[in-house]
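For reference, the structure discussed in these notes is given below.
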Amino acid sequence: MLAWLSSAKPEYGRFILLDRDGVLNVNRPDYVKTLAEVRFYPDGLEALAFLESRGVGVILVSNQSGINRGLIGWEDFREIHEGLIRRAEESGGRIQAAFYCPHRPDEKCECRKPAPAMIFSACRHAGIDPGETFFVGDSESDMKAAENARCRGVRIYRGDSDGAGPGAPEELHYPTLLDAVFSLYGKNI
Ligand SMILES: [Mg+2]
Ligand SMILES: [Zn+2]
């Protein structure tokens, strides 16, 4: 598991955990391999700004098996990560920490979602209880990870994400990240 923790340490009263590809930026079947391939959803950046304005700290929790598949170089991975942090800040948002799993499924690591390890690490870092924390993802494995960590799964169906449509009724479903955070944190308060 790779962990990046912001050196700035603003005091957030609450935190939200976000998957990356398919939630903040457009996922690619052949993996997001370079910064040039990162295409942010406009609502994703707006959502980050909204969360910052609400005092909600953002922590990314992302599988990046393209690294150990040999498709994403370490330098590119670092550039993508730093580009993400920068774009978030340029848009008025902030990413407080990020946890990545670089492993392939066949490596049987303990961090790859749907395993709960990255969610647990994120919650430990933030000092929050998984049971009172939302984890927003766009895939089945995200929702399984949420379930395995006993945190609250929120699923985004953008139409270009995997999955045919809303599944388990206990999940919260939204068409975009912005819809999700408006609903979870009150647009008009
Ligand atoms: Mg995803
Ligand atoms: Zn892993």
Side-chain angles (χ1 to χ4, degrees), residues 2 4 16-52 56-105 111-114 118-119 122 134-146 153-167 171-185 187:
L2 305 164
W4 173 83
I16 189 169
L17 312 184
L18 305 181
D19 174 40
R20 193 188 81 183
D21 302 331
V23 172
L24 281 182
N25 56 280
V26 182
N27 200 3
R28 296 172 58 105
D30 62 340
Y31 304 95
V32 177
K33 303 177 293 301
T34 62
L35 183 55
E37 289 181 347
V38 175
R39 280 179 49 226
F40 284 93
Y41 290 109
D43 79 85
L45 291 172
E46 205 182 317
L48 292 179
F50 173 77
L51 289 166
E52 178 70 11
V56 181
V58 173
I59 301 180
L60 300 184
V61 172
S62 172
N63 284 352
Q64 292 296 325
S65 68
I67 296 171
N68 277 13
R69 291 177 203 267
L71 300 170
I72 305 172
W74 284 108
E75 188 61 18
D76 284 314
F77 172 71
R78 194 183 58 77
E79 267 180 34
I80 294 168
H81 168 77
E82 287 175 358
L84 211 100
I85 304 295
R86 193 170 57 239
R87 276 299 295 281
E89 286 177 8
E90 286 167 2
S91 308
R94 189 178 294 277
I95 290 164
Q96 192 58 30
F99 294 82
Y100 300 104
C101 164
H103 304 110
R104 300 183 309 270
C111 43
R112 183 177 164 81
K113 294 176 289 184
M118 291 196 289
I119 292 177
F134 294 110
F135 172 50
V136 186
D138 67 314
S139 72
E140 191 65 41
S141 76
D142 290 321
M143 295 306 103
K144 290 230 169 70
V154 177
R155 190 159 178 178
I156 305 298
Y157 284 96
R158 290 189 180 275
D160 55 354
S161 299
D162 70 349
E171 296 169 6
L172 294 165
H173 302 116
Y174 298 98
T176 71
L177 179 60
L178 193 59
D179 287 299
V181 300
F182 277 175
S183 168
L184 298 176
Y185 298 105
K187 186 183 176 182

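For reference, positions follow the sequence shown, starting with 1.
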pair Arg87-Leu45: side-chain heavy atoms closer than 4.5 Å | yes
Got Lys113 and Lys144 here, is their nearest side-chain heavy-atom distance under 4.5 Å?
-> no
Go through the structure and list residues passing side-chain contact (heavy atoms from CB on, under 4.5 Å) with Arg104, not counting sequence neighbours.
-> Asn68, Arg69, Asp106, Glu107
Trace of the ring pair (Phe, Tyr, Trp, His ring centres under 6.0 Å) decision for Phe50 with Phe182 | CA-CA 8 Å; Phe50 173 77; Phe182 277 175; 4.9 Å; yes
Can you tell me how far SG of Cys111 sits from CD1 of Ile119, rounded to the nearest 0.5 angstrom?
-> 12.5 Å
Heavy-atom distance under 4.5 Å between the side chains of Val26 and Phe40, does that happen here?
-> no
Any chance you could measure Arg20, atom CZ, to Asn27, atom CG, to the nearest 0.5 Å?
-> 8.5 Å
For Gly153 and Ala146, the nearest pair of non-hydrogen atoms, with its separation, is CA-CB, 3.7 Å
side-chain contact (heavy atoms from CB on, under 4.5 Å) filter on Arg28, not counting sequence neighbours, yields Asp30, Val32, Lys33, Glu37
Could you walk me through whether Arg86 and Leu35 pass the side chain to side chain contact (heavy atoms under 4.5 Å, CB included) test, one step at a time?
-> CA-CA 12 Å; Arg86 193 170 57 239; Leu35 183 55; 3.9 Å; yes
How far apart are the C-alpha atoms of Trp4 and Ile85, what are their side-chain angles, what is the distance that settles it, and do they pass the side chain to side chain contact (heavy atoms under 4.5 Å, CB included) test?
-> CA-CA 11 Å; Trp4 173 83; Ile85 304 295; 3.5 Å; yes
Is Ile156 close to Val136 at the side-chain level, that is, under 4.5 Å between some pair of heavy atoms?
-> yes
Indicate yes or no: at least one non-hydrogen side-chain atom of Tyr157 is less than 4.5 angstrom from one of Pro175.
-> no
Derivation and outcome, side chain to side chain contact (heavy atoms under 4.5 Å, CB included), residues Leu24 and Leu60 | CA-CA 10 Å; Leu24 281 182; Leu60 300 184; 3.8 Å; yes
Atom CG in Leu172, atom CG in Asp179: separation rounded to 0.5 Å?
-> 12.5 Å
Flag the pair Arg78 and Glu82 as a salt bridge only when some basic side-chain nitrogen lies within less than 4.0 angstrom of an acidic carboxylate oxygen.
-> yes
Name all residues meeting the side-chain contact (heavy atoms from CB on, under 4.5 Å) criterion together with Ala97; count only those two or more places apart in sequence or in a different chain, and write none if there are none.
-> Leu5, Ile59, Phe99, His125
When rounded to the nearest 0.5 Å, the distance separating CG of Leu17 from CG of Asp142 is 11.0 Å
Kindly write out the residues that satisfy side-chain hydrogen bond (donor to acceptor under 3.5 Å, both in side chains) with Thr34, not counting sequence neighbours, or none if the list is empty.
-> none
Atom pair OG (Ser62) and NE2 (His81), whose distance is rounded to the nearest 0.5 Å = 11.0 Å
Could you give the distance from CD1 (Ile16) to CG (Leu48), rounded to the nearest 0.5 Å?
-> 10.0 Å
Using a 4.5 Å cut-off on heavy atoms from C-beta on, say whether the side chain of Tyr41 contacts that of Thr176.
-> no
Applying side-chain contact (heavy atoms from CB on, under 4.5 Å) to Leu2 and not counting sequence neighbours gives Ile67, Trp74, Phe77, Tyr100, Pro102
Tell me, do Asp19 and Val61 make a side-chain contact under 4.5 Å, heavy atoms counted?
-> no
Met118 side chain near Asn63 side chain, heavy-atom distance below 4.5 Å | yes
When every non-hydrogen atom of Phe134 is compared with those of Val154, the smallest separation belongs to CD2-CG2, 3.6 Å
With sequence neighbours left out, the residues meeting salt bridge (charged side-chain N to carboxylate O under 4.0 Å, His left out) with Asp43 are Arg158
